[in-house]
Amino acid sequence: MKSRLFTPGPTPVPEETLLELAKPVTYHRSAEAKAILAELTDGLKYVFQTTQPVYTLTCSGTGGMEAVVSSTLAAGEKAILCTAGRWGERWRGILKAFGVNIVAVEVPYGQAVTPEMLHQALAAHPDAKVVFSTLSETSTGVGHDIEAFGRIVATTDALLAVDAISGLGAMECRMDAWKLDLVVSGSQKALMLPPGLAYVAVSEKAWQKIDATPVRNFYFDLRRYRKSLAENDTPFTPANTLIKAQRASLQRIRAEGLENLWARHHRLAAACRAGVEAMGLKIFAQRPNNALTVIQVPPGLDGTATLKRLEKQYGYKLADGQDTLKGQIWRLSHMGYVDSFDVLGALAALELVLLESGMNLEPGAGVAAFQKALAAAR
Ligand SMILES: *Cc1c(COP(=O)(O)O)cnc(C)c1O
């Protein structure tokens, strides 16, 4: 049986990128390594839609988030945290660890923080230094209106930090045009690489704050990455094999064109939602994003056991809910190296296990709705 990965990180990796990973290891302080890092940085600037350099850190996405918090804020300073799920809570955990004074703007899982809520929080806390937000809340499938957040925060002295780890490369996000100050991404979501690299971009406004903040980190001190990248280098030994492979996946993104890629994810996500709803299931997110589809487990069904059956019988690996959502939702990723027929297969397999579980369902209902939606979008 074939294994098929539909988890919202890690995601499938294109063949030409996998081949890069199979090549012999090379030394990381060479002219060639510098040229490769320069090319990677250029590709990342395109994906982030920024003229600022994008720093490559060898760590998972959370390391990039920690670099942002620990480089930007002194202990006791105030930050506004917009949280709509587990990844908003990840920001909270890091902020707590660094002694930041947190003002939380919180909504129940499945909902999105609105620009109006953020506006009110900023008005009530003009001393807040940074606003923390999440582009694609991968734990619930919600997408935030980061463009509107950027408009609001830009009129204040505060900075806007965005966890774009699962959203970047799957949905529209323009760092410069939207006035985002700190943007973090990771390699194993829509950027089509195995886990291991985090990417951080910093605006001029954010650098002013960072340069005025006492140093309280070492490996994650963004100043070190700025200094090294000016020479197309990294402060510590980078995962250079991954860097070479990321270059290959970024070439794929460039060849498609970012706007085509956003449009493709949009079509795929809309068709997937149509398919799910035609199966009689509900979408969990009130403001769904295009990176993944999050499905509510129908009443009376064991969500966790159903996913296990889907994997064991048909090879399709979807993700369960996390923490309090375990068994309550199914998360189907369609970001990165995933096409229509991959998702079509996943919907067909899901229909099969639901039929076998005794759910009242017309075989092919979801598949037909998916095809209709795709055909209509052409
Ligand atoms: C996956 C993910 C993370 C965490 O990344 P790690 O690589 O596991 O550290 C953070 N935020 C979002 C939105 C994610 O999807």
Side-chain angles (χ1 to χ4, degrees), residues 8-9 55-107 109 113 118 121-122 125 127-140 144 146 149 153 157-168 180-189 195-203 205-226 234-236 239 322-325:
Y55 305 103
T56 296
L57 281 62
T58 295
C59 56
S60 83
T62 304
M65 296 168 77
E66 179 158 340
V68 163
V69 170
S70 59
S71 299
T72 311
L73 287 161
E77 285 189 317
K78 192 183 271 188
I80 293 175
L81 166 70
C82 302
T83 175
R86 180 190 165 101
W87 299 116
E89 293 310 309
R90 176 62 49 91
W91 275 133
R92 193 200 300 268
I94 300 167
L95 289 165
K96 265 194 190 163
F98 286 91
V100 175
N101 178 2
I102 303 165
V103 175
V105 180
E106 209 166 333
V107 292
Y109 286 12
V113 174
L118 173 57
L122 271 167
H125 299 277
D127 54 337
K129 305 287 185 209
V130 186
V131 172
F132 290 89
S133 64
T134 314
L135 176 65
S136 153
E137 179 45 83
T138 326
S139 65
T140 66
H144 280 111
I146 295 298
F149 287 12
V153 179
D157 290 335
L159 304 172
L160 178 56
V162 183
D163 166 0
I165 292 173
S166 78
L168 204 83
L180 316 179
D181 295 299
L182 297 138
V183 180
V184 184
S185 200
S187 57
Q188 81 274 28
K189 309 281 170 100
L197 294 177
Y199 306 115
V200 180
V202 182
S203 71
K205 185 178 169 187
W207 273 125
Q208 284 177 18
K209 175 70 176 90
I210 293 172
D211 285 328
T213 300
V215 178
R216 54 203 311 234
N217 47 16
F218 186 85
Y219 187 83
F220 289 123
D221 183 354
L222 287 174
R223 284 160 280 225
R224 292 179 188 275
Y225 292 86
R226 174 177 58 184
T234 52
F236 313 103
Q322 297 149 297
D323 306 332
T324 55
L325 289 175

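Under the 4.5 Å side-chain criterion, counting only non-hydrogen atoms from C-beta, L222 is in contact with V202. Taking 4.5 Å as the limit, every side-chain heavy atom of L57 sits out of range of all side-chain heavy atoms of L197. With contacts defined as side-chain heavy-atom distances shorter than 4.5 Å, the pair C82/T134 does not qualify. Residues L159 and V153 form no side-chain contact, since every pair of their non-hydrogen atoms from C-beta on lies 4.5 Å or further apart. Residues L160 and S133 have side chains in contact (heavy-atom distance under 4.5 Å, counting atoms from C-beta outward). Residues F132 and I80 fail the side-chain proximity criterion, which asks for heavy atoms closer than 4.5 Å. Side-chain atoms of T72 and L182, non-hydrogen and from C-beta on, do get closer than 4.5 Å to each other. In this structure, V183 and L180 have side chains that are in contact, with non-hydrogen atoms separated by less than 4.5 Å.
Within the structure, side chain to side chain donor-acceptor pair (under 3.5 Å) contacts touching residues 84-99 (residues at least two apart or in different chains) are T62-R90, T83-E89, R86-D323, E89-R92, R92-E106. Sequence neighbours left out, the pairs with a member in residues 180-189 that pass side chain to side chain donor-acceptor pair (under 3.5 Å) are D181-S203.
Evaluation of the salt bridge (charged side-chain N to carboxylate O under 4.0 Å, His left out) rule for K129 yields no partner, not counting sequence neighbours. Listed by chain and residue number, D127 satisfy the salt bridge (charged side-chain N to carboxylate O under 4.0 Å, His left out) test with K78 (two or more places apart in sequence, or in another chain). For Y219, the side-chain contact (heavy atoms from CB on, under 4.5 Å) test picks out T58, Y225, F236, with sequence neighbours left out. In this structure, the side-chain hydrogen bond (donor to acceptor under 3.5 Å, both in side chains) partners of S139, at least two apart in sequence or on a different chain, are E137. Under the rule for a ring pair (Phe, Tyr, Trp, His ring centres under 6.0 Å), the partners of F149 that lie at least two apart in sequence or sit in another chain are H144. Partners of T56 according to the side-chain hydrogen bond (donor to acceptor under 3.5 Å, both in side chains) rule, which considers only residues two or more places apart in sequence or in another chain, do not exist here. Applying the salt bridge (charged side-chain N to carboxylate O under 4.0 Å, His left out) rule to R223 yields the partners D221; only residues at least two apart in sequence or on another chain are considered. Looking at residues two or more places apart in sequence or on another chain, you find no salt bridge (charged side-chain N to carboxylate O under 4.0 Å, His left out) involving E66. Taking the side-chain hydrogen bond (donor to acceptor under 3.5 Å, both in side chains) definition, one finds that S136 meets it with S166, N289, sequence neighbours left out.
Across all their heavy atoms, G61 and A198 have their closest contact at CA-CB, 4.1 Å. Scanning both residues, T140 and A84, for their nearest heavy atoms gives CG2-O, 3.7 Å.
Between R226 and D211 a salt bridge is recorded (basic side-chain N to carboxylate O distance below 4.0 Å).
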Less than 3.5 Å apart, which donor and acceptor atoms pair up between the side chains of residues 97-105 and the rest of the protein, not counting sequence neighbours?
none

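In this structure, a donor-acceptor pair under 3.5 Å is present between the side chains of N217 and S71.
No donor-acceptor pair under 3.5 Å is formed between the side chain of Q208 and the backbone N or O of K205.
Atom CE of M65 and atom CG of L95 lie 8.5 Å apart (nearest 0.5 Å).
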